[in-house]
Amino acid sequence: MSTVLGRRLGGELHKLRTAAGKTQLQAAQVISATSTKIVKMESGWVPMRDPDIRVLCEFYGVTDAQFVNGLLDLARLDRDRRKAKGWWQQVRLVGGLGEYIAMEEVATRIRTLQLALIPGLLQTPEYIRALGVRSEWSHPDEIEVLVASRIKRQALLWSDEPLEFHAVLWEAALRQQIGSPEVMRAQLNHLVEMARLPHIHVQVLPFRAGANALGAFNLVSFAEPGALDVAYAENLASTVWAEGPEATEVYTRAFARVSRQSLSPHDSVDLIDVISKGM
């Protein structure tokens, strides 16, 4: 079975082999396997063993230990996902975030429902810093790592083929003050600017829409033929994944419902602008 993380890992190994000028047969001989196995590994069809990855990286001339460790982490996450067979899974918060970011990088579209915060891909550096101060990261250096990481992820919105991003925000996320009024005003103004881009859609679920029993979640979509959407949600101690047609359909219907209940993108921008001016 091909997986999103497996394809990403296989793609990295394919690039390394090509850059090193090695053939699939040569790579197979190094790990005492067949060329067919290398094809499957580079296509993401089989889970990869750590020893094979280390040997191949050495054969390809990769000396960056941090890069190799990143591939090993990706392989571990992929193996964990395969064991879960695509159904509900709870993992540690850090591990789940790492897997989510890996998926985010190969996604073509993300739909997100946020109740309390501006989505990470639309946050300003000052807003991120204010969140960092309120969180477990208390040291300034740690907070700056958080800022740099999130800003780097935002590059997906500015690539030649940018990520399609559709965010539904509960009105509370716009009115809850994170940082100073100036920080919040700048964040809302940035949100308005981003919402005007053709590949970014922002809708506000207003207070007047009534009670909302849903929690925040993301729906991640991919370009590969036959690739299924993946739903992601997190709480204080764990993350939850839903993969497969029945599981993700629940989230797809929920997102469509809150989108219908929300203001139009044009009216949403108008409301954000009004709230910003009132800060």
Side-chain angles (χ1 to χ4, degrees), residues 1-108 110 145 149 152-153 155-156 218 220-234 238-244 247-248:
M1 178 183 66
S2 176
T3 67
V4 174
L5 294 180
R7 288 193 294 275
R8 183 186 173 201
L9 177 59
E12 292 290 344
L13 290 177
H14 174 76
K15 286 191 294 185
L16 293 175
R17 180 178 61 77
T18 303
K22 307 297 184 181
T23 66
Q24 290 178 334
L25 177 59
Q26 290 173 321
Q29 291 172 340
V30 167
I31 61 172
S32 301
T34 64
S35 297
T36 301
K37 180 175 180 179
I38 296 298
V39 171
K40 290 181 178 180
M41 289 173 65
E42 293 183 350
S43 301
W45 282 99
V46 293
M48 300 187 203
R49 300 169 58 248
D50 289 359
D52 288 345
I53 294 173
R54 290 193 178 95
V55 170
L56 287 174
C57 285
E58 182 178 356
F59 182 57
Y60 298 153
V62 180
T63 58
D64 187 338
Q66 184 175 359
F67 178 80
V68 175
N69 287 334
L71 295 183
L72 295 174
D73 288 342
L74 197 58
R76 174 182 54 78
L77 290 170
D78 181 50
R79 291 194 298 268
D80 290 344
R81 288 296 302 283
R82 290 175 190 269
K83 291 176 184 177
K85 298 182 180 179
W87 293 101
W88 294 94
Q89 177 187 15
Q90 287 194 328
V91 296
R92 291 174 55 195
L93 181 59
V94 173
L97 182 59
E99 185 174 5
Y100 176 77
I101 293 174
M103 288 192 174
E104 187 180 70
E105 290 182 356
V106 294
T108 55
I110 292 179
V145 170
S149 172
K152 184 177 181 179
R153 289 167 57 193
L156 295 169
N218 291 358
V220 187
S221 303
F222 310 96
E224 293 90 346
L228 299 174
D229 291 348
V230 177
Y232 168 87
E234 66 178 52
S238 65
T239 59
V240 176
W241 295 91
E243 191 171 357
T248 56

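Position 1 is the first residue of the sequence, and the numbers go up from there.
- Every residue two or more places apart in sequence or in another chain that forms a side chain to side chain contact (heavy atoms under 4.5 Å, CB included) with Thr36 is listed here: Thr34, Lys40.
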Determine, stepwise, if the pair Ile38 / Leu13 fulfils side-chain contact (heavy atoms from CB on, under 4.5 Å).
-> CA-CA 10 Å; Ile38 296 298; Leu13 290 177; over 6 Å; no
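- Residues satisfying the side chain to side chain contact (heavy atoms under 4.5 Å, CB included) test with Leu25, not counting sequence neighbours, are Thr23, Gln29, Ser35.
- For the side chain to side chain contact (heavy atoms under 4.5 Å, CB included) test, no residue two or more places apart in sequence or in another chain qualifies with Ala19.
- Counting heavy atoms from C-beta on, the side chains of Arg54 and Leu72 come closer than 4.5 Å.
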Go through the steps to decide whether Met41 and Leu9 satisfy the test side-chain contact (heavy atoms from CB on, under 4.5 Å), and finish with yes or no.
-> CA-CA 8 Å; Met41 289 173 65; Leu9 177 59; over 6 Å; no
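- Taking all atoms of both residues into account, the shortest heavy-atom contact from Ala231 to Thr248 is N-CG2, 4.1 Å.
- The side chain to side chain contact (heavy atoms under 4.5 Å, CB included) test applied to Leu156 returns Glu104, Leu163, not counting sequence neighbours.
- For Arg49, the salt bridge (Lys or Arg N to Asp or Glu O under 4.0 Å) partners at least two apart in sequence or on another chain are Asp52.
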From CA spacing to verdict: side-chain contact (heavy atoms from CB on, under 4.5 Å), Leu16, Leu56 | CA-CA 9 Å; Leu16 293 175; Leu56 287 174; over 6 Å; no
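- Listed by first and then second residue, the side chain to side chain donor-acceptor pair (under 3.5 Å) pairs involving residues 9-20 are His14-Arg17, His14-Glu42, Arg17-Glu42 (not counting sequence neighbours).
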Side chains of residues 58-65: which donor-acceptor pairs under 3.5 Å do they make with residues two or more places apart or in other chains?
residue: Asp64; atom: OD1; partner: Gln66; partner atom: N; Å: 3.0
residue: Asp64; atom: OD1; partner: Phe67; partner atom: N; Å: 3.2

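- In this structure, CG in Asn218 is found 12.0 Å from CG in Asp229, a value given to the nearest 0.5 Å.
- Legend: residues meeting salt bridge (Lys or Arg N to Asp or Glu O under 4.0 Å) with Lys22, ordered by chain and number and at least two apart, are absent.
- With sequence neighbours left out, Asp73 forms a salt bridge (Lys or Arg N to Asp or Glu O under 4.0 Å) with no residue at all.
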